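Okay, structure first, notes after.
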Amino acid sequence: MAMRSALRSSLLVVSVVLMITTPQALLFNLSDIKDSVQPKAPVAEIGSPSFTFNCTVNQSSITAYDVVWKHYSVRLPPDWQHVVNATLIQLVIPNITEDSFGNYECRSRLENRLIGGAQLEVGCK
């Protein structure tokens, strides 16, 4: 009897984990963020004057005005971010150096919800 109860508890935990991790349980649709940031697999040359990412907002609850860019979870300066229209916000990274390498994400300002992201590679010519 104790074994059956332990088995039921284990199944319940597994069921809850599966429910939480299925796309239907997410706060956003994965297809909405799939192609949100362009370019894909970006590479920037060290010494370049700038590099530009584009983030397209495909969610009805927010616009590009509600989005911020982050580099390794650190919010980037507002003057690097440019709203083009209600669905497009750009990030212009100035003066490319080795420190420019890494993960860039566009996120909703209030909820910190991921909209899209990409990893910038940097290198010499």
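Model, not experiment: these values are computed from the prediction. Residues: numbered from 1 along the sequence shown.
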Notebook entry, point to check: Does a side-chain heavy-atom distance below 4.5 Å link L91 with L76?
Noted result: yes
Check: When you check the side-chain N and O atoms of K70 and N103, is any donor under 3.5 Å from an acceptor?
Finding: no
Note to self: To check you understand the geometry: which heavy-atom pair defines the closest contact between Q81 and V68, and what is its length?
What the structure shows: OE1-CA, 3.4 Å
Check: Are a donor atom and an acceptor atom from the side chains of Q38 and N54 found within less than 3.5 Å of each other?
Finding: no
Next item on the list: Taking the side chain as every heavy atom from C-beta outward, state whether L120 and F53 have any pair of such atoms under 4.5 Å apart.
Entry: yes
Checklist line | Nearest heavy atoms of I89 and A64, plus distance in Å | finding: CD1-O, 3.8 Å
Note to self: Is there a path of hydrophobic side-chain contacts, each under 4.5 Å between heavy atoms, that joins I96 and V74?
What the structure shows: no
Next item on the list: Give a yes or no on whether the backbone of Y65 and the side-chain of T63 come within a donor-acceptor separation of less than 3.5 Å.
Entry: yes
Notebook entry, point to check: Can you name the nearest heavy-atom pair linking I62 to I115, along with the distance?
Noted result: CD1-CD1, 3.4 Å
Next item on the list: Of all the heavy-atom pairs spanning H71 and F101, show the shortest one and how long it is.
Entry: NE2-O, 2.9 Å
Item checked: All pairs passing salt bridge (charged side-chain N to carboxylate O under 4.0 Å, His left out) where residues 96-105 contributes a residue, at least two apart -> E105-R107
Check: Got a sec, which residues hit side-chain hydrogen bond (donor to acceptor under 3.5 Å, both in side chains) with N85, two or more places apart in sequence or on another chain?
Finding: T87
Next item on the list: Give the minimum heavy-atom separation between S100 and I93, together with the two atoms involved.
Entry: OG-CG2, 4.2 Å
Checklist line | Transitive ILVMFWY side-chain link L88 to Y104, under 4.5 Å | finding: no
Notebook entry, point to check: V84, W69: one ILVMFWY side-chain cluster at the under-4.5 Å cut-off?
Noted result: no
Margin query: Grouping I, L, V, M, F, W and Y whenever their side-chain heavy atoms are under 4.5 Å apart, do F51 and V92 come out in a common cluster?
Written below: no
Next item on the list: Decide side-chain contact (heavy atoms from CB on, under 4.5 Å) for V67 and V57; before the verdict, give the C-alpha distance in whole Å, the side-chain angles of both, and the deciding distance to 0.1 Å.
Entry: CA-CA 9 Å; V67 173; V57 180; 3.7 Å; yes
